[in-house]
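Okay, structure first, notes after.
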Amino acid sequence: MADAAPTHKSKPGPHSKPNREGQAAGSDPQAAAAPVDFIREIVRADLRRDPATPPVTRFPPEPNGYLHIGHAKSICLNFGVAEEHRNAGARCHLRFDDTNPTRESPEYVRSIQDDVRWLGFDWGEHLYFASDYFDTFFDCGEHLIGQGLAFVDSQSADQIRDSRGTLTRPGAPSPWRDRPAEESIDLFRRMRSGEFADGTHVLRARISMEHSNLNMRDPVLYRIVHASHHHTGDRWCVYPMYDFAHPLEDALEGITHSLCTLEFEDHRPLYDWVVEHCAPVIERVLGRPSRPRQIEFARLNLTSTVMSKRKLLALVEKGLVQGWDDPRMPTLSGLRRRGYPPEAIRRFCQAIGITKFPGTTEVGVLEHQVRDELNRHSRRHLGVVRPLKVVIGNWPEDRIDTLTPAHNPDDVTSVERALPFGRELWIDRDDFMLEPPKGFFRLSPGTEVRLRYSYVMRCDEVVTDAAGEPVELRCSVDHDTLGRNPEGRKVKGVIHWVAAASAVACEFRLYDRLFTVDDPDAAEGGYEAVINPRSLDICHGWIEPALAGVLEAETRVQLERAGFFVADRHDHAAERPVLNRIIGLRDSWARRQA
RNA sequence: UGCCCCGUGGUGUAAAGGUAGCACAGGGGAUUUUGGAUCCCUUAGUCAAGGUUCGAAUCCUUGCGGGGUAGCCA
């Protein structure tokens, strides 16, 4: 070998430095620019090796809860991979993994479809239910029994658990392990026909009770559950376990790359075992072989967020939030009601990438994508969330001027709107301080500010209530400052306002993070102990009439200096506007105060 | 305690043996009729130790650290 070929690493054929960016079949420039993670690498390599077999992926939720931002990561991956290879014939299925009737419901089937569509993905005609394959699963069960690879175990659940062994100690075989195949087949069929009560028998794979991987210790394949199923009704009283059903579902649909999260890593040997040993049945049904491959990636963890369906369900059931679509929830329906644009969520999923490292992403990354998207696409309006009355002494009582600012002053193509200005205004309480700290350049007694799009105004007098709280400001404007700066002095502060005479009353729901700490799961006392008491603040204020005129449910807008808002999907009405705060603007003043 | 997986700035992620880059966050400045946006600059990283190599984040060994895993859930 010493003096063999003079070559250094010249990788032959498919390994010779593939073009990592340009391999996608699609010509979408955004897709071409998207990062290529290790899964996309595998998909591309497989397609290069075998161009006649396009990638087929699937998003396989169990309809037992609402989808959340973590699912979005999986959806974007699975549908994204398919989109990138659309020209090669790739597709992505939406499949309900509905093998446990006791937890599932049609409400979830509906919401999941709504959410995937809202996110911007389309499964075309490829909508499937695992429960539609139950006959084939059962055939596979019989096939395995016939091969001596499965048996009906008549032990109780406790006995099975006790004989499974531990992490360090092997398990012991079931006394029924060597039951004749004919007997197992007979029992298996009688299980299906409803002869036995729940828990009396199960179908188990016959692999090894000494395997170092606990999943391989004669895993249960089928159990008896006398329960009505949302999709198959009362046709079945035996249901397959995930480990049995999932590889078969994938194989039956011709899935090439079965992408799932890291906790299934240890299940892969069993996945492969099922695919291999049921291959004859699958091939008979399909008329061709089908060998899906499972690849695992890290699920999404977000700071200041709980992601488990169980905890999300608990928040809903304990009334700590107002439902699955409460705008503080990380569910897709919650984020939607909160006003997060689907595009921002997709960009977020692209930004965080796909790896096997189980890290935690800062929510700030999500919020950045939301701000960025909103900033580029939202029209600007004026609205006052916490009103404080202003009377301009040197402005005639009945004079109303109409200003015509652009909807987006940063956008030269932006159209204008009519903005009335009069003697009485509402401004925000936060923009006035009786005793301002250093560096505060909004309004205080004797100082001037710019009224956005309007005049420079001075505060001449403050009317306070018995408690000393300001209730009204008497002010005057400099008539010479409309559209130009005053001479001889600099006015640094700019505040928003709404003319009282034409203002439209509006309810504002100010949302903030649901939890006060980065890792609510690790909080002592549990996540419920660290719920942010100020995660919802309801205020009653005013918006400019031009905004009230265009507001419909789910309309997103920026209220200048106050943040981005969306008309509530359910509670907004033209005559009674309700705006949810999506997210505040970056605020370097507030940050300096903190 | 067995088995499996994973360790790159504060966080997330690139670099396929050849200049450690990007984004978010942080800091500074310019600009500004949103304390926004925009633009410029900037702080900060290969878990450790050995080995292979002209050259290692990358390959090998050992150690350390983190995650997953003992449902008739998925």
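Letters A, B, ... are given to chains in the order of the sequence lines, protein chains preceding strands, and every chain is numbered from 1.
Among the atoms of the strands shown, none is found under 4.0 Å from any heavy atom of A/Thr102. Base contact: A/Gly439 has a heavy atom under 4.0 Å from a base atom. When heavy atoms are screened at a 4.0 angstrom cut-off, A/Thr166 is found touching base atoms of the nucleic acid. Base contact: A/Phe441 has a heavy atom under 4.0 Å from a base atom. Base contact: A/Thr481 has a heavy atom under 4.0 Å from a base atom. Residue contacts for A/Arg452: at a heavy-atom cut-off of 4.0 Å it reaches a base atom on one of the strands shown. Looking at heavy-atom distances under 4.0 Å, A/Gly483 makes contact with a base. Base engagement by A/Arg380 is indicated by at least one non-hydrogen atom pair under 4.0 Å involving a base atom. Residue-level contact check: A/Glu104 touches neither bases nor backbone, having no heavy atom under 4.0 Å from any strand. A/Tyr453 comes within 4.0 angstrom of a base, heavy atoms only. No contact: A/His246 has no heavy atom under 4.0 Å from any strand. A/Phe264 comes within 4.0 angstrom of a nucleotide base, judged by non-hydrogen atoms across all strands. Here A/Val202 lies in heavy-atom contact (under 4.0 Å) with a base. Residue A/Asn213 is classed as having no contact, given no heavy-atom separation below 4.0 Å to the nucleic acid.
Between the side chains of A/His201 and A/Ser154, at least one donor-acceptor pair of N or O atoms lies under 3.5 Å. In this model, a donor atom of one side chain and an acceptor atom of the other lie less than 3.5 Å apart for A/Gln294 and A/Glu296. For the residue pair A/Asp243 and A/His267, a side-chain donor N or O sits within less than 3.5 Å of a side-chain acceptor on the partner. Side-chain N/O atoms of A/Tyr133 and A/Glu253 include a donor and acceptor closer than 3.5 Å. With no hydrogens or angles considered, no side-chain donor-acceptor pair links A/Glu210 and A/Ser208 at under 3.5 Å. At a cut-off of 3.5 Å, with distance as the only test, a side-chain donor of A/Arg58 or A/Ser258 sits close to an acceptor on the other residue. A side-chain N or O of A/Asp411 and one of A/Thr413 form a donor-acceptor pair less than 3.5 Å apart.
Residue A/His368 places at least one side-chain N or O under 4.0 Å from the OP1 or OP2 atom of B/C24. Distances shown here put every side-chain N or O of A/Arg347 at or beyond 4.0 Å from the OP1 or OP2 atom of B/C24. For the OP1/OP2 pair of B/U33 and a distance below 4.0 Å, the side-chain nitrogens and oxygens of A/Ser454 include no atom meeting the criterion.
The C1' atoms of B/C39 and B/U32 are separated by 12 Å, rounded to the nearest whole Å. To the nearest whole angstrom, the two P atoms, one in B/G18 and one in B/G28, are 38 Å apart. The C1' atoms of B/A70 and B/U1 are separated by 12 Å, rounded to the nearest whole Å. Rounded to the nearest Å, the gap between the C1' atom of B/A56 and that of B/U42 is 29 Å. For the C1' atom pair drawn from B/G51 and B/C4, the interatomic distance equals 27 Å after rounding to whole Å. With P as the reference atom, B/C40 and B/C24 are 12 Å apart, rounded to whole Å. Across B/U58 and B/U8, the matching C1' atoms stand 11 Å from one another, rounded to whole Å. Across the P atoms, B/G36 and B/U69 are found 44 Å apart, a figure rounded to whole Å.
Interface remark: the A/Arg442 side chain does form a donor-acceptor pair with the B/G35 base, using a distance-only criterion of under 3.5 Å.
Residue A/Arg164 contributes atom CZ, which lies 16 Å from atom C1' of B/G2 at whole-angstrom precision. Following rounding to the nearest Å, A/Met216 (CE) and B/C4 (P) show an atom-to-atom distance of 13 Å. When the P atom of B/U13 is taken as reference, atom CZ of A/Arg40 falls 14 Å away, rounded to whole Å. Between the CG atom of A/Leu374 and the C1' atom of B/U34 there is a distance of 15 Å, given to the nearest Å.
Between B/U34, B/C6, B/A74, one nucleotide has an atom nearer to the side chain of A/Tyr242 than all others, and that is B/A74. Taking only side-chain atoms of A/Glu265, from C-beta outward, the nucleotide of B/C5, B/A70, B/U8 with the closest atom is B/C5. In the set B/C73, B/G67, B/G35, B/G35 carries the atom at the smallest distance from any side-chain atom of A/Arg592. You'll find that the side chain of A/Arg586 is closest to B/G36, out of B/G36, B/U38, B/C73. Distances from the side chain of A/Asp266 to the nucleotides B/C72, B/U69, B/G36 place B/U69 closest. Between B/U11, B/G2, B/G68, one nucleotide has an atom nearer to the side chain of A/Glu263 than all others, and that is B/G68. Listed nucleotides B/G35, B/A14, B/G2 differ in distance to A/Leu214; the shortest reach to its side chain belongs to B/G2. Closest to the side chain of A/Ile352, out of B/G35, B/G12, B/A74, is B/G12. Across B/G27, B/C72, B/U1, the shortest atom-to-atom separation from the side chain of A/Arg591 is found for B/G27. The side chain of A/Ile160 lies closest to B/C72 when the candidates are B/C72, B/C73, B/G67.
Aromatic pair A/Tyr453/A/Phe421: centroids not less than 6.0 angstrom apart.
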